[in-house]
Undergrad: 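To start, I am sharing the structure in question, which I have written as structure tokens.
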Protein chains: 2
Amino acid sequence: MKEFLRTKGFKMTPQRELIFRSFFEMEQHVSVDELYDKVRSIDRSIGYSTVWRNLKLICRVGLAQEVSMGDGITRYDRLTRVPHGHLFCLGCKKVIEFNADQIVGVLAQTAVENDFSNKGFKVEVQGFCAECRAKGAVDSFETESVS
Amino acid sequence: MKEFLRTKGFKMTPQRELIFRSFFEMEQHVSVDELYDKVRSIDRSIGYSTVWRNLKLICRVGLAQEVSMGDGITRYDRLTRVPHGHLFCLGCKKVIEFNADQIVGVLAQTAVENDFSNKGFKVEVQGFCAECRAKGAVDSFETESVS
DNA sequence: AGTGAAAATGAAAATCGTTTTCATTTAGAC
DNA sequence: GTCTAAATGAAAACGATTTTCATTTTCACT
């Protein structure tokens, strides 16, 4: 990883190493706060902005992408595994990943047809998971009034 | 529209009528600011929060959805036409819509497989449009340093 | 038409995640 | 070892979104 970053003009530091390692060890779709908490539990001296900047860096070098599901929080989605989409539960905010191989093919074709270079994609389905439907979260959501 | 809202427990007002009408007359993917400016050009007395609240209402009743492409601005995507995805140019921020019938089929199937109710979807491809590639925007983007 | 309860409005302030600033420290190329 | 650019941490700035609150308006029901 140090060498990987070096070729892109970035340096390695103890903080960066911890942040990167923690990010790739954590569950998918962490927020800045979540990663900050995790990193803080290991090294209390690391600043919030350092965590934030390193998440941006991880995206910059192509290892993750920012995703926003609708609550105002930016999450970071690792791109180191198979192409995937997200099922986002409007009730409990849980995210389920699904394989997107088939869709990726369609999108690649679409990009070509529109003379667009394809640098990445996001596919999200919003709905309610089985548990939330069982709890009746659907109804409370739909009849909720505007603030 | 007045009757449609009434059945959902909302009232019609002159401001709301103007905001709704303007929204559906404008181009796709307007921001709060853009709609506010438009509405303001017709009625200077309408407040920002009224515009904001009514955009939320339009989403609430299922006529639009919020989308965020990566710049920090929430845009409102009408759902009154055919299902579509977005090609988002990382250079000029332009959005091109494409038909998503094929993908919708896949997503519906995916939702069923995961015991998920399907309330909506978002499909976005990030890349560079032909013009931005011609201008070399791709390179300047990729070599841009982290702040 | 009149009345009352609930909803809507407008202005201003609050909120809160994100981003920048700046002084200082550190990495790593030479 | 030295030097320069990059990285860090704390704090402040930023800015879009959301809420508050006093007032006005809609509309269901007399």
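Heavy-atom basis, side chains included; hydrogens, waters and symmetry copies ignored. Below, chains carry the letters A, B, ... as their sequence lines are ordered, and counting in each starts from 1.
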Undergrad: What's the closest nucleotide to the A:Arg16 side chain, out of D:dT8, D:dT18, C:dA8?
TA: D:dT8
Undergrad: Specify the separation, in whole Å, of atom CZ of A:Arg60 and atom C1' of D:dA7.
TA: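 After rounding, the gap between these two atoms is 15 Å.
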Undergrad: Name the nucleic acid region contacted by A:Ser31, choosing base, sugar-phosphate or nothing; use a 4.0 angstrom heavy-atom cut-off, strictly under.
TA: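 A:Ser31: no heavy atom of the nucleic acid under 4.0 Å.
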Undergrad: Give a yes or no on whether B:Leu79 and A:Phe128 share a hydrophobic cluster (residues Ile, Leu, Val, Met, Phe, Trp, Tyr; joining criterion: side-chain heavy atoms under 4.5 Å apart).
TA: no
Undergrad: Would you tabulate the pairs of protein nitrogen or oxygen atoms and nucleotide nitrogen or oxygen atoms of nucleotides 24-26 of chain C closer than 3.5 angstrom?
TA:
none

Undergrad: Hey, does the side chain of A:Arg133 reach the backbone of B:Asp115 with a donor-acceptor pair shorter than 3.5 angstrom?
TA: yes
Undergrad: Can you name the atoms? Protein N/O to nucleotides 2-4 of chain C N/O, anything below 3.5 Å, with the distance.
TA:
none

Undergrad: On DNA chain C, check which nucleotide each of A:Arg75 and A:Lys2 is closest to and give me the residue with the more 5' one.
TA: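 Counting from the 5' end, the first nearest nucleotide belongs to A:Arg75.
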Undergrad: Would you please say whether a donor-acceptor pair under 3.5 Å links the side chains of A:Glu66 and A:Tyr76?
TA: yes
Undergrad: Nearest to the side chain of A:Tyr48 - C:dT18, C:dA11, D:dA28?
TA: C:dT18
Undergrad: Should we count CD of B:Glu27 as having more than 12 external heavy atoms under 6.0 Å?
TA: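 For B:Glu27, atom CD is not crowded (no more than 12 foreign heavy atoms under 6.0 Å).
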Undergrad: Any side-chain heavy-atom pair from A:Phe23 and A:Leu63 closer than 4.5 angstrom?
TA: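 Side-chain contact under 4.5 Å: no.
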Undergrad: Rounded to whole angstroms, how far apart are CE on A:Met12 and P on D:dA7?
TA: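 The answer, rounded to whole Å, is 10 Å.
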Undergrad: Would you say the side chain of A:Thr50 and the base of D:dA7 hold a donor-acceptor pair, judged only by whether the two atoms sit under 3.5 Å apart?
TA: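 Donor-acceptor pair under 3.5 Å: no.
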Undergrad: Please report the distance, rounded to the nearest Å, between CZ in B:Arg6 and P in D:dA28.
TA: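 After rounding, the gap between these two atoms is 5 Å.
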Undergrad: Rounded to whole Å, please give me the gap between CG in A:Leu35 and P in C:dG17.
TA: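 One finds 16 Å between P of C:dG17 and CG of A:Leu35, rounded.
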Undergrad: Can you find a pair of side-chain heavy atoms, one from A:Val30 and one from A:Lys38, that are under 4.5 Å apart?
TA: no
Undergrad: Which one, C:dT9, C:dA29, D:dT18, comes nearest to the side chain of B:Lys56?
TA: D:dT18
Undergrad: CD1 of A:Ile73 versus C1' of C:dT15: gap in Å, rounded?
TA: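 Checked: the CD1 to C1' distance equals 13 Å.
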Undergrad: Checking all strands, does B:Asp33 fall into the base, sugar-phosphate, or nothing category for heavy-atom contacts under 4.0 angstrom?
TA: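 Since no nucleic acid heavy atom lies under 4.0 Å of B:Asp33, the category is nothing.
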Undergrad: Roughly, in whole Å, what's the span from CG in A:Leu5 to P in C:dA29?
TA: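 From A:Leu5 CG to C:dA29 P: 12 Å.
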Undergrad: Do A:Lys8 and A:Arg60 touch side chain to side chain, with heavy atoms closer than 4.5 Å?
TA: no
Undergrad: Give the cluster check for B:Ile46 versus B:Leu35: same hydrophobic cluster or not, with ILVMFWY residues linked at side-chain heavy-atom distances below 4.5 Å.
TA: yes
Undergrad: How long is the line joining CD of B:Glu3 and C1' of D:dA28, in whole Å?
TA: 13 Å
Undergrad: What is the distance, to the nearest angstrom, from the CZ atom on A:Arg53 to the C1' atom on D:dA10?
TA: 10 Å
Undergrad: Report whether A:Val125 and B:Val104 are members of the same hydrophobic cluster (ILVMFWY, side-chain heavy atoms less than 4.5 Å apart, transitive linking).
TA: yes
Undergrad: Among C:dA12, C:dT18, D:dA10, find the nucleotide with the atom closest to the side chain of A:Ser49.
TA: D:dA10
Undergrad: Have a look at A:Ser45 and say if it touches a base, only the backbone sugar-phosphate, or nothing, with a 4.0 Å heavy-atom cut-off.
TA: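 Sugar-phosphate, no base atom in range.
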Undergrad: Check for me, please, whether B:Val123 and A:Val112 land in the same ILVMFWY cluster - side-chain distances under 4.5 Å, paths through other members count.
TA: no
Undergrad: Which residue lies toward the 5' end of DNA chain D, A:Arg40 or B:Thr74, if each is placed at its nearest nucleotide?
TA: A:Arg40
